[in-house]
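Predicted, not measured: the structure shown is a model, and the values here were computed from it.
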Amino acid sequence: MSDKYQWMTEQEFINEVQELEKLLRDFCEGSGLYPYESVRTNMNALKDIIVRVHKRKHYFKVFHNEMNISEYKETALYCYWVLKLRPFWIDPAYKSSERINEKFALHLYVSLLKKYNEDFSQEDGINRMHIRELLYSFRFRDITKESMILMLEPYYYEYLKKNDAVF
């Protein structure tokens, strides 16, 4: 790690944990798939995810000319690490207990698209077949950090084109 790297403060870490916890609650309540109270979190894995994303943000600053990464890149990194480190699980007694990490990553992915692309809807922007393919890929295919970023970037450029006449 570069000499310039500054570790997250405890407050920054707590804020990230709270934000992810809010997103998990929204996911559970919105999807109706998992009761929020039954979801368990491996805090060591979650801490690892947060630190890895923070370090990657630093990497972009150091090796890409002080570049600040977009929320799209950050979300792609969170998706990648959730899929890789699988911080969430649920009691297998629930019939829909499987694939919570994949479905949560998909929730992050789609939520971001809806946030910045006002004309995006699941019917128009991403169809059910694409969702099934993403879930399958999240579970069984090798997806790198860079490919996860590339999957979201076209939507980012669409957002920029709509909001910047010069772009």
Side-chain angles (χ1 to χ4, degrees), residues 1-28 30-31 36 39-89 99-118 120 125-126 130-131 134-135 137-167:
M1 188 61 22
S2 164
D3 294 340
K4 296 179 187 177
Y5 182 70
Q6 293 182 354
W7 288 92
M8 297 179 85
T9 65
E10 186 175 341
Q11 189 57 51
E12 288 173 321
F13 175 74
I14 290 169
N15 292 345
E16 286 297 313
V17 169
Q18 289 173 340
E19 182 62 26
L20 286 171
E21 195 67 25
K22 180 186 175 299
L23 290 167
L24 180 63
R25 180 181 292 277
D26 290 346
F27 164 65
C28 290
S31 71
Y36 174 74
V39 177
R40 301 293 172 252
T41 304
N42 178 331
M43 286 307 292
N44 289 330
L46 192 63
K47 180 180 180 183
D48 197 12
I49 290 168
I50 292 168
V51 168
R52 286 173 182 273
V53 171
H54 189 262
K55 285 181 177 180
R56 187 65 174 202
K57 289 162 87 172
H58 174 73
Y59 168 88
F60 275 95
K61 280 188 177 261
V62 171
F63 295 104
H64 295 283
N65 231 6
E66 294 297 318
M67 175 195 288
N68 287 317
I69 68 170
S70 69
E71 191 173 351
Y72 286 80
K73 280 186 174 81
E74 186 173 351
T75 299
L77 292 169
Y78 271 108
C79 288
Y80 173 81
W81 286 114
V82 164
L83 295 171
K84 191 77 162 169
L85 298 179
R86 309 179 61 70
F88 306 113
W89 76 95
R99 299 190 181 157
I100 186 170
N101 291 287
E102 291 85 351
K103 291 176 183 174
F104 180 67
L106 182 65
H107 173 73
L108 293 177
Y109 188 98
V110 172
S111 294
L112 179 73
L113 297 180
K114 287 180 178 179
K115 180 177 178 180
Y116 289 107
N117 299 285
E118 66 278 346
F120 180 89
I126 188 168
H130 189 178
I131 287 174
L134 281 172
L135 280 172
S137 296
F138 285 177
R139 178 71 174 149
F140 298 110
R141 294 193 173 118
D142 295 327
I143 299 175
T144 66
K145 291 182 286 298
E146 290 73 18
S147 62
M148 187 68 78
I149 290 169
L150 288 171
M151 288 186 335
L152 277 168
E153 276 193 330
Y155 297 105
Y156 178 56
Y157 295 127
E158 282 300 313
Y159 167 74
L160 289 177
K161 279 195 274 188
K162 289 179 187 172
N163 295 298
D164 184 354
V166 178
F167 187 83

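- Residues satisfying the side-chain contact (heavy atoms from CB on, under 4.5 Å) test with E10, not counting sequence neighbours, are I14.
- Only one option out of E74, M8, H58, K145 pairs with V53 in a side-chain contact (heavy atoms from CB on, under 4.5 Å); it is E74.
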(request) Evaluate the side chain to side chain donor-acceptor pair (under 3.5 Å) criterion for residues Q11 and N15: first the C-alpha distance (whole Å), next the side-chain angles of each, then the deciding distance (0.1 Å), finally the verdict. (result) CA-CA 6 Å; Q11 189 57 51; N15 292 345; 2.8 Å; yes
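- When all heavy atoms of P87 and I49 are compared, the pair lying nearest together is CG-CD1, 3.6 Å.
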(request) Using the side-chain contact (heavy atoms from CB on, under 4.5 Å) rule, take E153 and L150 through it: C-alpha gap first, then chi angles, then the decisive distance, then the call. (result) CA-CA 5 Å; E153 276 193 330; L150 288 171; 3.7 Å; yes
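- Using a 4.0 Å cut-off between charged side-chain N and carboxylate O, K47 and E16 make no salt bridge.
- In this structure, N101 contributes its side chain and L83 its backbone to no donor-acceptor pair below 3.5 Å.
- To the nearest 0.5 Å, atoms OG (S70) and CD1 (I149) are separated by 8.0 Å.
- Here the shortest heavy-atom pairing between E102 and F138 reads O-CD1, 3.7 Å.
- Counting heavy atoms from C-beta on, the side chains of K55 and V51 come closer than 4.5 Å.
- Electrostatic pairing of R56 and E146 counts as a salt bridge here, judged by a charged N lying under 4.0 Å from a carboxylate O.
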(request) Evaluate the criterion side-chain contact (heavy atoms from CB on, under 4.5 Å) for residue pair W81 and R86; output intermediate values, then yes/no. (result) CA-CA 8 Å; W81 286 114; R86 309 179 61 70; over 6 Å; no
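- Between D48 and L85, the shortest heavy-atom contact is OD2-CD1, 3.5 Å.
- Ring geometry, H107 versus F27: the interplanar angle falls from 30° to 60°, so the pair is classed tilted.
- Looking only at side-chain heavy atoms (C-beta outward), I50 and Y78 come within less than 4.5 Å of each other.
- Put simply, the side chain of L23 reaches to within 4.5 Å of the side chain of F104, judged on heavy atoms.
- Atom NE2 of H54 is separated from atom NZ of K57 by 6.5 Å, given to the nearest 0.5 angstrom.
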(request) Go through L77 and I69 one step at a time and tell me if the side-chain contact (heavy atoms from CB on, under 4.5 Å) criterion holds. (result) CA-CA 11 Å; L77 292 169; I69 68 170; 4.1 Å; yes
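- In this structure the side chain of Y72 reaches within 4.5 angstrom of the side chain of L113, judged on heavy atoms.
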